[in-house]
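What follows is one structure encoded as structure tokens, with my remarks underneath.
The figures here come from the full heavy-atom set of this structure, side chains too, leaving out hydrogens, waters and symmetry mates. Residues take their numbers from the sequence shown, with the count starting at 1.
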Amino acid sequence: MLSCCGRRLLHVLGLSFPLLTRRPLFLCPHRLMKPLVVFVLGGPGAGKGTQCARIVEEMDHTMAANAQKNKFLIDGFPRNQDNLQGWNKTMDGKADVSFVLFFDCNNEICIERCLERGKSSGRSDDNRESLEKRIQTYLQSTKPIIDLYEEMGKVKKIDASKSVDEVFDEVVKIFDKEG
């Protein structure tokens, strides 16, 4: 049985599992290829959400010009080994991970960004104590996933300590190169 998150992910990817067959059914019959997925990872405050919003706009233009150039962004996933195992079990043969877009940023910069965001975001976890715990969780759980994909040659690393525009320029170069 898929979790609620897993069902939403399959819905986003255009897949469903009929009760009788348990086989994937593409809801978009015109698509003959497996969906390509880009995992977007990095520490809290590295800029994943900010950059994903901008990437989606660039992807909309690209896909409008060429429907074969479609990718799905999955922001902040997989966060740990359980997420990765669930992905592999559920999506094996149904979607391909094109690459991992890794926003690499110094922990102190991440904390400062989140503290600044916390002044207006209303997020209760944008305080120093929570952020330090979140960074430790990231280092213990998510960083090993990034390292695993790095060993497979699937990580595109970006220095996320730069300005939003400078980071996005690097993102555009990666997506242009990767197609």
**OP:** Check the pair Glu170, Lys173 against salt bridge (charged side-chain N to carboxylate O under 4.0 Å, His left out), reporting the backbone distance first and the verdict last.
**Re:** CA-CA 5 Å; Glu170 292 302 312; Lys173 289 176 188 173; 3.4 Å; yes

**OP:** Compare all side-chain heavy atoms of Thr50 with those of Arg117 and state whether any distance is below 4.5 angstrom.
**Re:** no

Subject >> Side-chain donor or acceptor of Asn83 paired with backbone N/O of Arg79 under 3.5 Å >> reply: yes

**OP:** Using the salt bridge (Lys or Arg N to Asp or Glu O under 4.0 Å) rule, collect all pairs that involve residues 151-160, keeping only residues at least two apart or in two chains.
**Re:** Asp104-Lys157, Lys156-Glu178

Original post:
With sequence neighbours excluded, what pairs up with Glu166 under the side chain to side chain donor-acceptor pair (under 3.5 Å) test?
Top reply: Ser163

Original post:
Does any non-hydrogen side-chain atom of Gln51 lie less than 4.5 Å from one of Val40?
Top reply: no

**OP:** First locate atom CD of Glu132, then atom SG of Cys114, and finally report the distance between them rounded to the nearest 0.5 Å.
**Re:** 11.5 Å

Subject >> Side chain Glu150, main chain Ile145, donor-acceptor under 3.5 Å >> reply: no

Original post:
So, for Phe175 and Phe168, is the gap between ring centers shorter than 6.0 Å?
Top reply: no

Original post:
Would you say Phe72 and Pro35 make side-chain contact, with heavy atoms under 4.5 Å?
Top reply: yes

Original post:
From Asn106 CG over to Ser161 OG, what is the distance, rounded to the nearest 0.5 angstrom?
Top reply: 7.5 Å

Original post:
Among all residues two or more places apart in sequence or in another chain, which pass the salt bridge (charged side-chain N to carboxylate O under 4.0 Å, His left out) test with Lys48?
Top reply: none

Original post:
Does Asp147 come within less than 4.0 Å of Lys143, counting only side-chain N to carboxylate O?
Top reply: yes

Subject >> Closest approach of Leu36 to Ser98 (non-hydrogen atoms, all atoms of both residues) >> reply: CB-CB, 4.4 Å

**OP:** Specify the closest pair of heavy atoms between Ile135 and Pro44, including all atoms of both residues, with the distance to one decimal.
**Re:** CG1-CG, 3.7 Å

**OP:** Measure from the side-chain N and O atoms of Asn80 to the backbone N and O of Asp82, and report whether any donor-acceptor pair falls under 3.5 Å.
**Re:** yes

**OP:** With sequence neighbours excluded, tell me which residues meet side chain to side chain donor-acceptor pair (under 3.5 Å) with Lys162.
**Re:** none

Original post:
Tell me, do Val171 and Ile158 make a side-chain contact under 4.5 Å, heavy atoms counted?
Top reply: yes

**OP:** Report yes if the side chains of Leu41 and Leu101 come closer than 4.5 Å at any heavy-atom pair, otherwise no.
**Re:** no

Original post:
Under the salt bridge (charged side-chain N to carboxylate O under 4.0 Å, His left out) test, which residues partner Arg113, sequence neighbours left out?
Top reply: none

Original post:
Does the distance from a Lys or Arg side-chain N to an Asp or Glu carboxylate O, for Lys133 and Glu129, drop under 4.0 Å?
Top reply: yes

Subject >> Distance, nearest 0.5 Å, that separates CZ of Phe102 from CD1 of Ile174 >> reply: 12.0 Å

**OP:** Any chance you could lay out the side-chain contact (heavy atoms from CB on, under 4.5 Å) test for Ile74 and Trp87, step after step, and finish with the verdict?
**Re:** CA-CA 12 Å; Ile74 304 181; Trp87 169 267; 3.8 Å; yes

Subject >> With sequence neighbours excluded, residues passing salt bridge (charged side-chain N to carboxylate O under 4.0 Å, His left out) with Glu112 >> reply: Arg128

Original post:
Do Val37 and Phe99 have side-chain heavy atoms sitting under 4.5 Å apart?
Top reply: no

Subject >> Nearest-0.5 Å distance that lies between atom CG in Leu73 and atom CZ in Phe39 >> reply: 11.5 Å

Original post:
Shared ILVMFWY cluster between Ile109 and Leu115, side chains joined below 4.5 angstrom?
Top reply: no

Original post:
Going from CG on Leu84 to OG on Ser141, what distance comes out if it is rounded to the nearest 0.5 angstrom?
Top reply: 12.5 Å

**OP:** Give the minimum heavy-atom separation between Phe103 and Ala46, together with the two atoms involved.
**Re:** O-CB, 3.5 Å

